[in-house]
Amino acid sequence: MTTITIHLPESDSGIISSISEIVRGVKGGSINIDNDDDGFTESEISSIKRSLKEAALIKSGDLKPLSMDDLWDE
């Protein structure tokens, strides 16, 4: 089995489908597409959602924000 690594800029991502078709046409060929930008983990997305909900509750007056003294103690 031969492995080829190709680095493409994001702007040339349309070529990936052409390369995929060629590789899939080869008997026993497979393709693995990996992006360097892994994005956010599920934990990070959950934290962001929780933070946005908290900010909305503070804005609506349903939740009291932390004081500067509380923040300074942490």
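Values reported hereafter were calculated over all heavy atoms of this structure, with side chains retained and with hydrogens, waters and symmetry mates removed.
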Nearest 0.5 Å please: distance from the CG atom of D62 over to the CD atom of E54.
-> 12.5 Å
Whichever hydrophobic residues join I58 through chains of side-chain contacts under 4.5 Å = L57, L63
Side chain to side chain contact (heavy atoms under 4.5 Å, CB included) test vs S46 passes for just one of R50, E44, K49, namely R50
